[in-house]
Amino acid sequence: MQRLPGFRDFYPEPLPTSDVWSADARTWIFSRWRETARRYGFREYDGPPLEPLELFTLKSGEEIVGQLYNFTDKGEREVAMRPEMTPTLARLVSDAQRHYKKPFKWFAIPQLFRYEKQQKGRLREHFQFNADIIGESNPGIDAELIALVIDSLRATGLTADDFVIRLSSRNAWQQFFEQAGGKPENAYAFYQAVDKLEREQPDVSAKKFADVGVQIDSVNQFIESGQPTEELQSVIEQLTARGLGEFVKIDYHIIRGLAYYTGVVFEAFDRKGEFRAIAGGGRYDNLVKLISGGKVDLPAIGFGMGDVVLTNLLQERGKLPEFTAGIDVYMLIEDESLRGESLKVIQQLRESGKAIEFSTGPLKSDKQFKRALELKSKFMVRVEKSADGALVCRCKNLQTRDEKTVPATELETWASGW
RNA sequence: GUGACCGUAGUUCAAUGGUAGAGCCCCAGAUUGUGGUUCUGGUUGUUGCGGGUUCGAGUCCCGUCGGUCACCCCA
């Protein structure tokens, strides 16, 4: 039985085949994300993976249904697997925001689903680190959130040589569009054209811009100038003050496709440009109001960082650590008459927090030894009876091959030293 | 949803239209005996699936499923 297309199986390392994913790497990345979010004072939240279809069509229109995993449930409800976290977050916020002092900083690591044909860096399911700051509009918040993006990536071992945040602003583009004489009703079409500028033939783009009353030359000129607006200048200054200046650059190519962004927008890319965007986000000051049906009106900024592109990048750059079972001791049981005594020692070590592995049935000692080496166990321990009948443990450091004999009663004390 | 390329053992790959193979992995035995080495043997296939052409198809054709990449769209 095959797994569904675009979905992943996660295995313990070492991986059996090249088409499956590492559960160890996933856990490791999630830990880096959580640990960084904690350092920034973010709190974790979550919601259901299955939501009313309406939650998503409300924000994105009926067009999005074609890209959703949706169906009618047994209670005749129209439902969908969540394709993004923001609508769920907006619901949580509109339901309970009064209980939280503003601004509040929340993050989640939801599994998201999208009914699309898979391609590089893009599957039908992925995990996404989502972090949002709700209820504050000063640019210091924008800088704080972008700093979190940077440090989340740095926590995985990536450096300024590996990635960069391309920083832009809907406000900057809005100003440009107005000064160029664009009409408000054409603003979205204009943003779409800017979003596609890098991927499309120049003459196609030129026509799109002409259709909304803008010269493509002036668009290119604006991008090339890269002059930060006051708002962006403030963000850059605050990141520079943190020593993170080298991780960002003004890049007006970035505008983000979604209609709801209102201010600062940004995307993180690998420096070599081999991958899709690693992360993306921006300000959405009107979305909470929209989702809550006008009940709550709070400014917000957030980003999403998927595990697929990030894992690919870390793999490619050799930044993922070596994952093992993390075994501290392999207990060698050569003499079956000592199995009971060995089990006692195993239990003691486990209760003291050590990771122990052993053969639960009789096995030739060289097999046990090989197993210990395969597991990359730090030590191999063997319980023996000394000449005077006392139980002793022969402990071998498998890295240095040093051997040491300690009384069984003192093994735990000895073990606490490493 | 559209298009291009690709599907052979658990895995990495061979095999002019003419007997489906090798390395690795795994298992067993021996060797080694302060052990990680080495040797011997063994298991494994509806050649993704279904049709067609042919005396004969892994190979050619059609369909289908899956994979990769691009488009569409964007989290």
Side-chain angles (χ1 to χ4, degrees), chain A residues 1-9 11 14-20 49 56 59-69 80-89 108-132 191-192 195-196 198-201 204 254-261 265-268 274-282 284 287 302-310 312 330 332 334 363-377 380 382 384 394-405:
Chain A
M1 184 76 79
Q2 289 177 309
R3 60 178 173 266
L4 291 168
F7 286 76
R8 297 174 288 173
D9 287 327
Y11 280 79
L15 300 182
T17 59
S18 56
D19 64 334
V20 298
F56 306 115
K59 188 193 113 190
S60 311
E62 290 296 327
E63 314 86 70
I64 198 171
V65 177
Q67 296 173 56
L68 295 180
Y69 258 98
M81 305 290 285
R82 60 187 174 196
E84 57 167 327
M85 200 56 178
T86 309
T88 301
L89 171 65
I109 307 180
Q111 188 172 22
L112 305 176
F113 306 86
R114 200 114 180 177
Y115 198 90
E116 281 189 329
K117 202 161 179 176
Q118 61 173 324
Q119 51 188 300
K120 189 181 183 184
R122 203 147 174 209
L123 309 171
R124 286 185 169 179
E125 146 277 322
H126 71 156
F127 292 90
Q128 192 183 63
F129 178 34
N130 271 251
D132 295 86
Y191 292 158
Q192 289 286 306
D195 191 39
K196 299 231 177 349
E198 282 184 297
R199 305 188 288 274
E200 228 159 33
Q201 294 297 319
V204 176
I254 301 300
I255 192 164
R256 308 281 291 165
L258 291 174
Y260 60 74
Y261 285 113
V265 289
F266 55 88
E267 291 185 4
E274 293 172 20
F275 298 88
R276 288 169 183 278
I278 308 163
Y284 53 98
L287 187 65
F303 74 86
M305 180 186 296
D307 74 311
V308 176
V309 173
L310 181 57
N312 287 340
Y330 191 96
L332 183 70
E334 208 165 16
L363 194 66
K364 288 203 289 190
S365 60
D366 69 323
K367 295 263 180 195
Q368 293 187 55
F369 188 83
K370 281 176 183 168
R371 187 92 183 95
L373 293 169
E374 280 165 15
L375 286 167
K376 299 194 190 324
S377 173
M380 192 178 68
R382 174 167 38 181
E384 289 179 348
R394 272 178 66 186
C395 309
K396 179 167 185 156
N397 183 318
L398 292 176
Q399 269 96 58
T400 64
R401 300 196 190 190
D402 290 337
E403 219 172 82
K404 192 176 177 181
T405 302

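Everything numeric in this text was worked out from a predicted model, so none of it was measured. Residue numbering restarts at 1 for every chain, and letters A, B, ... go by the order of the sequence lines.
- Here A/Lys117 does not reach the OP1 or OP2 of B/rC69: none of its side-chain N or O atoms lies under 4.0 Å away.
- The pairing partner recorded for B/rC24 is B/rG10, the criterion being a Watson-Crick or G-U wobble arrangement whose two distances lie under 3.5 angstrom.
- Across all strands shown, the partner of B/rC5 is B/rG67, judged by Watson-Crick or G-U wobble contacts whose two distances both fall under 3.5 Å.
- A gap of 14 Å separates the C1' atoms of B/rA9 and B/rG42, to the nearest Å.
- Residue contacts for A/Arg256: at a heavy-atom cut-off of 4.0 Å it reaches the sugar-phosphate backbone alone, with no base atom in range.
- Rounded to whole Å, atom P of B/rG33 lies 16 Å from atom CE of A/Met380.
- Protein atom CG of A/Leu398 is 15 Å distant from nucleotide atom P of B/rU34, rounded to whole Å.
- Going from atom CE of A/Met305 over to atom P of B/rC74 covers 22 Å, rounded to whole Å.
- Put simply, the side chain of A/Arg256 does not reach to within 4.5 Å of the side chain of A/Tyr191, judged on heavy atoms.
- Nearest-nucleotide mapping onto RNA chain B: of A/Gly121 and A/Thr17, the residue sitting toward the 5' end is A/Thr17.
- Across all strands, A/Glu403 comes closer than 4.0 Å to no nucleic acid atom at all (heavy-atom distances).
- The side chain of A/Gln118 places an N or O atom within less than 4.0 Å of a non-bridging phosphate oxygen (OP1 or OP2) of B/rU68.
- No contact: A/Gln368 has no heavy atom under 4.0 Å from any strand.
- Within the 4.0 angstrom heavy-atom criterion, only backbone atoms of the sugar-phosphate kind lie near A/Gln128; the bases stay farther away.
- Side chain of A/Asp402 to main chain of A/Asn397: no donor-acceptor pair is present (N/O by atom type, distance under 3.5 Å, no hydrogens or angles).
- For the C1' atoms, the distance from B/rC61 to B/rU54 is 12 Å, rounded to whole Å.
- Note on A/Arg382: a base of the nucleic acid sits closer than 4.0 angstrom, heavy atoms only.
- Within 4.0 Å of A/Gly302, counting heavy atoms only, lies no atom of the nucleic acid at all.
- A straight line from CD of A/Gln119 to P of B/rA4 spans 17 Å, rounded to a whole angstrom.
- Within 3.5 Å, no donor on the side chain of A/Arg3 pairs with an acceptor on the base of B/rG67, nor the reverse.
- A/Ser365 comes within contact range of at least one nucleobase, with a heavy-atom separation under 4.0 Å.
- Side-chain to base pairing of A/Arg122 with B/rC73: one donor and one acceptor N or O lie within less than 3.5 Å of each other.
- Rounded to whole Å, atom C1' of B/rC73 lies 7 Å from atom CZ of A/Arg114.
- In this model, the phosphate group of B/rC74 is approached by a side-chain N or O of A/Gln192 to a distance below 4.0 Å at OP1 or OP2.
- A 3.5 Å limit on both hydrogen-bonding distances identifies no Watson-Crick or G-U partner for B/rU44.
- Distance A/Lys364 NZ to B/rU31 C1': 11 Å, rounded to the nearest Å.
- No hydrogens or angles were tested; on distance alone, a donor-acceptor pair under 3.5 Å links the side chain of A/Arg401 to the base of B/rG36.
- Remark: A/Gln201 CD is loosely packed, at most 12 non-hydrogen atoms of other residues, nucleotides or ligands lying under 6.0 Å away.
- A cation-pi arrangement is absent between A/Lys396 and A/Tyr330 under the rule of less than 6.0 angstrom and at most 45 degrees off the ring axis.
- Both cation-pi conditions hold for A/Arg124 and A/Tyr115: the charged atom is under 6.0 angstrom from the six-membered ring centre and inside a 45 degree cone around its axis.
- Protein atom OH of A/Tyr260 is 10 Å distant from nucleotide atom C1' of B/rC74, rounded to whole Å.
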